[in-house]
Amino acid sequence: MTIHNTRVKDFILKLSGLIAVAIIWEMIATVGVLQKDIFPSFFATLKEIYLLWTENNLYMHIMSSLWRFTVGIIFAMIIGIPLGIILSESDFIYKLLGPLLKIFAKINPFSLLPIIIALIGTGESVKMISIIWVGVFPILFATASGIHEIDSELIKTAKSMKTPFYQMIYKVYLPAAGHSIFTGIRVGVEMTFFMIVAGEMLGANSGLGYLIHKSAHHYFDAPKVYGAGLLIMILGVLINGFFRHMQNGLFFWKEAISLFHNKKDRNHAARIDFPYICIVLVVTAGIIVAGADQIKEAAYLAENPTQNMSEHMDMSKNMDMNMNKEMQHNDMNHKNMND
Amino acid sequence: MNLRNGRLKGYLFLLFLILLWAVARPKFLPSIQSVIASLEELFCTKDLLYHIGISVYRAALGFFIALVIAIPLGVIISSFTPNLQKSFEPVIDLFSQANPLMIYHLVLIILGVGESPKILMIVWICIWPILFGTISGITKIDPTYINYAKSLAITKLLLVSKVLLPGAIPQIFQGVKMSFGYSLFILIAAEMMGGSSGLGYLVKFSQNIYRTEWVIGLVMVIAIIGIIMDEILYIIEKKSPLLSFRY
């Protein structure tokens, strides 16, 4: 009974912080410290999000961003973890390639955009290369340093039993260094997410960054900008929370990752079992399939911009004809008057 | 795997790669001589030093403002009661996810083009690692130290400056390292998006006139600045005994 009470109390406390933020937002907006068209009120933003969902195909934008993120992080993991293992194998290679990789990690892929476009051509791949580039390096360095910090007794024991290399990897290296690798994955997730929004602002047809850029570039449509921004923040919180939850659950013997280390609530992390991982994999596959579909639809819409507005076309045609008639009428009147 | 012991090998390998670049001439990269020539040209005609100076000034200013804001804020937040901490945690989570590019757009409307949006963007993204480092450092301090200090009837100011901050310095320094790296990254992105001076502006300018050798030269300059910043932090960490202490 006490555990149930504390969990409910925790939940209410967590909500109260967010509600306080919403109230402060509303108060600032109604007092009018900043003008109305650059700082919309909270409810105007929510209404705008609802309008975006029903009219402007918000689902497509969210799924495109999610797709880019999922594919990007999966590729970053696929490239980063094996490279990190190889890098940690021999001291010589690590010292040799160290400065080169550090230089690569510091380069902003946007600066090298012409070279990437010259190599690959414009389109989705340019953004994906930037995203994967930014995500790989934290994972790589974290893997290498994590494997280096494994207790050498463990490795000697495993090697004394003549384990082949691939078994060494998934029985010794990954579980022992897994905590560091996962921390690196979390840093990679943050950088990847930032790069996705940045890349969508620069050149894309869909995605949440594209929404912000479109609404802020020519004229500042404040509710849309704030709405898309709020969605980006919520998406970021959900994704980061998901990875933190996975880390707490997979490595339940380590201390839980949280901001404030309260002594009272100990490790309540649920142990992550196989069915949970299956659900996660199914959802990931679903995002990949559905998101690719949405991106294709977005590209199609960008090339044929009138598809969405067929009814508007009819209305405008009617208006044009009416206007033509009016203008002819005016011309005839003018002619009469001139005569 | 201490990189510094093998530092020479790594840089020799870089030199070897540069020589390879000069000899092999891959098609998509301009030759190394043209890159060096372009750097010279930029240096003399386009005041490369001025742009480097402005970029470094913006990054350093943003970083120091973030330092000055984040550490006291971290001390205040970690002195909340546990209930208040629990209700504050989602708020911090939410705001730390706000993308600096979004902030750039918003501040651009409110404050106009100029120095302020870029510096505010750098301040925004540099605050969060330092804030998180301060909070997790202070909350990890052994409460025996704090109780002992309180039993000596210590004032709040002395408590903070003599117990809390020195105890949290390793974590704060990790946050400082992360945000130092972020600041240069974000600075280049901010200057590329709208500006008339600075290294990012030069990169965008060279991209627009399709002078790839200028772009590569500038990217190398940026990378060298980043490495110098890393080395500075590394030397500070090595020389100062306070920072090298690990629990």
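Just so it is clear, the values below take in all heavy atoms, side chains as well, and ignore hydrogens, waters and symmetry mates. Just so it is clear, the structure is predicted and the values come from calculations on it, not from any experiment. Each chain gets a letter, A, B and so on, in the order its sequence line appears, and its residues count up from 1.
When B:V219, B:V215, B:V203 are compared by the number of non-hydrogen pairs under 4.5 Å with chain A, B:V219 comes out ahead. Counting heavy-atom pairs closer than 4.5 Å to chain A, the top-ranked of the candidates B:A223, B:G181, B:G226 is B:G226. Between chain A and the options B:L94, B:L218, B:I188, the largest number of non-hydrogen pairs under 4.5 Å is found for B:L94.
With a 4.5 Å cut-off on non-hydrogen atoms, A:L18 touches chain B through its backbone and its side chain both. In this structure, the portion of A:I212 lying under 4.5 Å from any heavy atom of chain B is its side chain and not its backbone. For B:I222, no part lies near chain A; criterion is any non-hydrogen pair under 4.5 Å. Within the 4.5 angstrom heavy-atom criterion, only side-chain atoms of B:I186, from C-beta onward, approach chain A. Proximity to chain B (any heavy atom under 4.5 Å) is shown, for A:F104, by neither the backbone nor the side chain.
Between the CE atom of B:M220 and the CD1 atom of A:I107 there is a distance of 10.0 Å, given to the nearest 0.5 Å. Rounding to the nearest 0.5 Å gives a distance of 11.0 Å between CG of A:L235 and CG of B:N99. Atoms CD1 and NZ, from B:I227 and A:K102 in turn, are 8.5 Å apart once rounded to the nearest 0.5 Å. One finds the CZ atom of A:F194 at 4.5 Å from the CG atom of B:L101 (value rounded to the nearest 0.5 Å). Atom CE of A:M195 and atom CZ of B:F185 lie 4.0 Å apart (nearest 0.5 Å).
With sequence neighbours left out, A:F137 forms a ring-ring contact (aromatic ring centres under 6.0 Å, His included) with A:W133.
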Check: When you look at A:V21 and B:F95, which way does the side-chain contact (heavy atoms from CB on, under 4.5 Å) test go after all the steps?
Finding: CA-CA 10 Å; A:V21 166; B:F95 277 112; 4.2 Å; yes

Checklist line | Residues A:Y226, B:L106; criterion side-chain contact (heavy atoms from CB on, under 4.5 Å); working and verdict | finding: CA-CA 9 Å; A:Y226 276 80; B:L106 296 176; 3.6 Å; yes

Next item on the list: Evaluate side-chain contact (heavy atoms from CB on, under 4.5 Å) for B:M102 paired with A:L208, printing each intermediate quantity in order.
Entry: CA-CA 11 Å; B:M102 275 164 38; A:L208 291 167; over 6 Å; no

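B:Y182 is listed as a side-chain neighbour of A:M191, based on a closest heavy-atom distance under 4.5 Å.
For B:Q97 (side chain) and A:N240 (main-chain N/O), no donor-acceptor pair under 3.5 Å exists by modelled atom type.
With respect to B:D93 and A:K14, no salt bridge is recorded, no charged nitrogen being found less than 4.0 Å from a carboxylate O.
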